[in-house]
Amino acid sequence: MKRLVKNEDKAVEVEQQGEDKVMKRTIKDSVFTNLFQDKKYLIQLYRALHPEDISVTEDDLTDITIKNILTDGIYNDLGFSVGDKFIIMVECQSTWTMNIIIRVLMYLVQSWIEYLERTSQNLYKSKKVKMPVPELYVIYTGERKTKPRQISLSKEFFDGKKCCIDVKVKMIYDSKKGNIINQYITFTKVCDEQVALHGRTREAIFETIRICKDKNVLKEYLENREREVVDIMMALYDEEEIMRSYVRSEVQEAVQVAVQEAVQVARQEERKEAYIEMAREMIRDNEPVERIMKYSKLSKETILELKKQEDLK
């Protein structure tokens, strides 16, 4: 039975891995990334992060969102540069994970590499390169009791020890009422409420859009791109359902394999017990050890141990 439990654990692990894949796929084409591809809304995001900077225009913003890095297809949510001053990386998360710190670091390094190529700067020359200042943010839309203002690589992964590198990510849970960040977070909460009522259906999407427009939440965006938003969200729901169906089938298969293995183990135990009983009878009949080995398929050591047990009776 131990093997059955072990394989059921594997089945659970398959399910968890499947859920992670769902998350990765949905991040790629979310409403969040679609919204901020439009500089009209991207400038609003920048001003929400830097209200003191009133001189920046849409023309100063450059989209540097990473489309695909590494071999497993990692995508980041949003990256943009502001002239030569900043590289700003913004991730949107509904589930809490400290691994986002490492992912953001990977995105930043890749963005720096692309920046150096774009500005024709060479790291292998003696002249010091010019680098824009990075700012790293996570917009968290889930539910959590503790809400740290900042998370740190050193603190979370190295027990706060001083080390050669640290990464600090600013956490955003809400923002000034009415600004673009506040509106997006409100949109996600309305969406969650409607999914809880109607499931991952078109009705939930249409109700989300209707309620948000009535509340003046992303109203212009939703009015101009309603069909696009519906298509994006339905595609995400469909992908999630496909992945969950795949996970369920994988779990069922894993459980079936576990049951088959458990049955095989049980049969092997039964056969072994039968051979042991046969060996005991032959020992009682004073059969030679070699003959007992031949018919019982037991080792010499096992038979001698059984003989010792019989002599003690």
Side-chain angles (χ1 to χ4, degrees), residues 1-27 68-75 93 95-103 105-106 144 146 151-165 167 239-313:
M1 292 305 291
K2 287 182 181 179
R3 291 175 64 84
L4 177 59
V5 173
K6 183 178 179 181
N7 280 278
E8 284 179 340
D9 288 343
K10 287 183 180 178
V12 173
E13 184 179 348
V14 168
E15 185 173 10
Q16 290 171 340
Q17 290 173 348
E19 293 297 331
D20 290 341
K21 289 178 182 177
V22 169
M23 289 303 299
K24 279 186 181 180
R25 290 167 69 92
T26 58
I27 282 171
N68 194 350
I69 67 170
L70 306 181
T71 55
D72 61 352
I74 297 177
Y75 296 79
Q93 297 282 299
T95 54
W96 187 267
T97 172
M98 286 301 175
N99 295 334
I100 189 64
I101 304 172
I102 299 173
R103 297 210 309 264
L105 174 59
M106 292 164 62
R144 186 175 171 82
T146 58
I151 52 178
S152 157
L153 179 71
S154 172
K155 180 181 177 182
E156 298 300 335
F157 290 88
F158 309 124
D159 297 323
K161 294 176 183 175
K162 289 185 178 180
C163 56
C164 62
I165 188 171
V167 180
E239 283 186 354
E240 288 177 3
E241 184 53 40
I242 289 169
M243 184 57 69
R244 288 193 175 92
S245 296
Y246 167 77
V247 169
R248 284 194 294 269
S249 67
E250 287 291 301
V251 170
Q252 289 172 357
E253 183 177 345
V255 171
Q256 288 174 356
V257 169
V259 170
Q260 290 171 359
E261 289 184 356
V263 170
Q264 289 176 357
V265 169
R267 287 175 178 171
Q268 288 173 357
E269 291 294 328
E270 288 176 1
R271 284 196 293 268
K272 186 176 180 180
E273 288 297 325
Y275 285 135
I276 288 173
E277 186 58 36
M278 177 192 295
R280 289 185 186 280
E281 291 181 5
M282 294 180 76
I283 289 169
R284 294 185 197 111
D285 292 338
N286 295 317
E287 295 282 356
V289 171
E290 289 74 15
R291 183 177 174 83
I292 299 173
M293 288 171 59
K294 178 180 178 181
Y295 287 98
S296 70
K297 300 181 180 180
L298 298 175
S299 67
K300 186 176 181 179
E301 291 76 12
T302 301
I303 292 169
L304 291 175
E305 180 62 30
L306 291 172
K307 191 173 187 305
K308 188 184 298 184
Q309 294 173 10
E310 287 296 319
D311 290 342
L312 292 173
K313 289 183 179 179

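FYI, side chains are in, hydrogens and waters are out, and symmetry mates aren't considered; it's all heavy atoms of this structure. The shown structure was predicted, so the numbers you read here are calculated from the model rather than taken from an experiment.
- Considering only residues two or more places apart in sequence or on other chains, Ser299 meets the side-chain contact (heavy atoms from CB on, under 4.5 Å) condition with Glu301, Thr302.
- Taking the side-chain contact (heavy atoms from CB on, under 4.5 Å) definition, one finds that Lys272 meets it with Ile276, sequence neighbours left out.
- Glu287 pairs by the side chain to side chain donor-acceptor pair (under 3.5 Å) definition with Arg291, not counting sequence neighbours.
- The distance from the CG atom of Asn286 to the CD1 atom of Ile292 is 9.0 Å, given to the nearest 0.5 Å.
- Every residue was checked against the side chain to side chain donor-acceptor pair (under 3.5 Å) condition with Ser154, not counting sequence neighbours, and none meets it.
- Lys300 NZ to Leu304 CG: the interatomic distance, rounded to the nearest 0.5 Å, is 6.5 Å.
- A pairwise comparison of heavy atoms in Lys307 and Ile283 identifies N-CD1, 3.7 Å as the closest pair.
- Legend: residues meeting side-chain contact (heavy atoms from CB on, under 4.5 Å) with Met98, ordered by chain and number and at least two apart, are Trp96, Ile101, Ile151, Glu156, Phe157.
- Nearest heavy-atom pair across Ile303 and Met293 is CD1-CG, 3.2 Å.
- Interatomic distance, CZ of Arg280 versus CG of Leu306, reported as 5.0 Å (0.5 Å rounding).
- Residues Cys163 and Lys161 form no side-chain contact, since every pair of their non-hydrogen atoms from C-beta on lies 4.5 Å or further apart.
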